A.B. asks: 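Pasting in a structure now, in structure tokens, and then I'll have a few things to ask.
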Amino acid sequence: MLRLQQFSKSYGGRQVLAIEHVSFEKGIYWVKGENGSGKSTLFKAVAGIIPFDGDIFCDNLNLKKHGVAYRRVVNYAEAEPLYPGFLTAKDLIRFVGDAKGSTRAQQNYYVEKFGVTSYFETPVDTFSSGMLKKLSLVMAFLGTPKVILLDEPLITLDVDAAKVLAETIQEATSRGIMFIISSHQDLSQNNLDLTAVYRIENQTLRFERAGKHIQ
Ligand SMILES: Nc1ncnc2c1ncn2[C@@H]1O[C@H](COP(=O)(O)OP(=O)(O)OP(=O)(O)O)[C@@H](O)[C@H]1O
């Protein structure tokens, strides 16, 4: 479903990641790695937000050749979301929702699910970090994604919200959506049916172990 070929990423001539080939099929993948190992860099490249060398495919869509169609089916929530402060949650959700081909009913469903209803029409500059996180998670589920990338989704979430997120991921997985999740917190404690765990070290991505349900 998602495939990286001859992938590499450098900042100012310094290579931080090189992945010859990796492919992920449907399921939930946990990507681990120390601070600064390159997790966010990998996610941003796969989300089509930063340039890179090599090729990334979602099914037959090559990110470099079919950028619009690819970005419609690969959704991303960043680790520390930041939005223009004068916009409301509603403004952002409508904007992203329209770009992703999401219905109002779907937008309302996730707004309610993640508990964003009470501050839906409030400018985001008044939001706590947890409120911003929930807003970013709502937007990560909009449209008809094939892949959802969640960079540190648990940071700043309270216990109840973390449970809702795990349920929502599990439900989306049963509809065939694939997840790649980075987390410093133990995802296997979250009732997530992990397919496999990968680790970024020495500037590359390595398979670490199969998830609990296929051990
Ligand atoms: N815009 C940038 N310009 C230059 N170097 C960068 C840039 N973004 C990231 N880096 C470097 O790339 C490397 C990987 O950073 P990245 O943010 O991807 O790590 P991470 O695994 O997500 O870290 P953390 O767990 O701390 O969030 C680090 O050495 C970092 O300094």
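One-based numbering along the sequence shown. Because the structure is predicted, anything quoted here is derived from the model rather than measured. Ligands are counted one by one from 1 in listed order, and the atoms in each one are counted from 1 as well.
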A.B. asks: Could you check whether Lys9 makes a cation-pi contact with Tyr11, meaning its NZ or CZ is under 6.0 Å from the centre of the six-membered ring and within 45° of the ring axis?
C.D. replies: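 That pair qualifies as a cation-pi contact.
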A.B. asks: For the rings on Phe127 and Tyr83, is their centre-to-centre separation under 6.0 Å?
C.D. replies: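 No.
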A.B. asks: Considering only non-hydrogen protein atoms, determine which one is nearest to atom 9 (C) of ligand 1 and report residue, atom name and distance to 0.1 Å.
C.D. replies: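 For this ligand atom, the closest protein heavy atom is Tyr11 CE1, 3.4 Å.
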A.B. asks: Which of the numbered atoms in ligand 1 are under 4.0 angstrom from any heavy atom belonging to Lys39?
C.D. replies: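 So the answer, numbered in order with elements, is 18 (O), 19 (O), 20 (P), 21 (O), 22 (O), 23 (O), 24 (P), 25 (O).
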A.B. asks: Is there a path from Ile200 to Leu2 through hydrophobic residues (I, L, V, M, F, W, Y) whose side chains come within less than 4.5 Å of each other?
C.D. replies: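 Yes, one cluster joins them.
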A.B. asks: Are any of the N or O atoms of Gly33 closer than 3.5 Å to those of ligand 1?
C.D. replies: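 Between Gly33 and ligand 1 (N or O atoms, distance only) the closest approach is not under 3.5 Å.
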A.B. asks: Using the six-membered ring wherever Trp is involved, compare the ring planes of Tyr29 and Phe24 and label them parallel, tilted or perpendicular (cut-offs 30° and 60°).
C.D. replies: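 Tyr29 and Phe24: perpendicular rings.
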A.B. asks: Any donor and acceptor pair, going by atom type alone, linking the side chain of Lys64 with main-chain N or O of Gly54 inside 3.5 Å?
C.D. replies: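 Pair found, side chain donor or acceptor close to backbone of Gly54.
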A.B. asks: Which ligand 1 atoms, with their elements, are less than 4.0 angstrom from a heavy-atom of Asn35?
C.D. replies: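 Here the atoms of ligand 1 in question are 23 (O), 24 (P), 25 (O), 26 (O).
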A.B. asks: Counting distance only, does the side-chain N/O of Asp91 pair as donor-acceptor with the main-chain N or O of Thr88 below 3.5 Å?
C.D. replies: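 Yes, because the side chain of Asp91 sits within donor-acceptor range (under 3.5 Å) of the backbone of Thr88.
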A.B. asks: Against heavy atoms of Val16, which atoms of ligand 1 measure under 4.0 Å?
C.D. replies: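 Checking each atom against Val16, I get 12 (O), 13 (C).
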A.B. asks: Please list the nearest protein heavy atom to atom 30 (C) of ligand 1 with its residue and the distance rounded to 0.1 Å.
C.D. replies: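 For atom 30 (C) of ligand 1, the nearest protein heavy atom comes out as Arg14 NH2, 4.0 Å.
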A.B. asks: Which atoms of ligand 1 are found less than 4.0 Å from any heavy atom of Thr41?
C.D. replies: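 So the atoms of ligand 1 that pass are 14 (C), 15 (O), 16 (P), 18 (O).
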A.B. asks: Give the atom numbers and elements of ligand 1 that come within less than 4.0 Å of a heavy atom of Ser40.
C.D. replies: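 Matching atoms, with element in brackets: 17 (O), 18 (O), 20 (P), 22 (O).
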A.B. asks: Is there a path of hydrophobic side-chain contacts, each under 4.5 Å between heavy atoms of I, L, V, M, F, W or Y residues, that connects Phe43 with Leu142?
C.D. replies: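 Each belongs to a different hydrophobic cluster.
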A.B. asks: Do the ring planes of Phe141 and Phe179 sit parallel (below 30°), tilted (30 to 60°) or perpendicular (above 60°)?
C.D. replies: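 Geometry flag for Phe179 against Phe141: tilted rings.
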A.B. asks: Quick one: does Glu34 get a heavy atom under 4.0 Å from ligand 1?
C.D. replies: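 Glu34 counts as a contact of ligand 1 under the 4.0 Å cut-off.
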A.B. asks: Is there a polar contact between ligand 1 and Gly36, counting only N or O atoms under 3.5 Å apart?
C.D. replies: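 Yes: some nitrogen or oxygen of Gly36 is under 3.5 Å from one in ligand 1.
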A.B. asks: Identify, by atom number and element, the atoms of ligand 1 in contact range of Gly38, meaning under 4.0 Å from any of its heavy atoms.
C.D. replies: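 Selected atoms, number and element: 14 (C), 16 (P), 18 (O), 19 (O), 20 (P), 21 (O).
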A.B. asks: Does ligand 1 have any atom that is closer than 4.0 Å to a heavy atom of His184?
C.D. replies: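 His184: in contact with ligand 1 (<4.0 Å).
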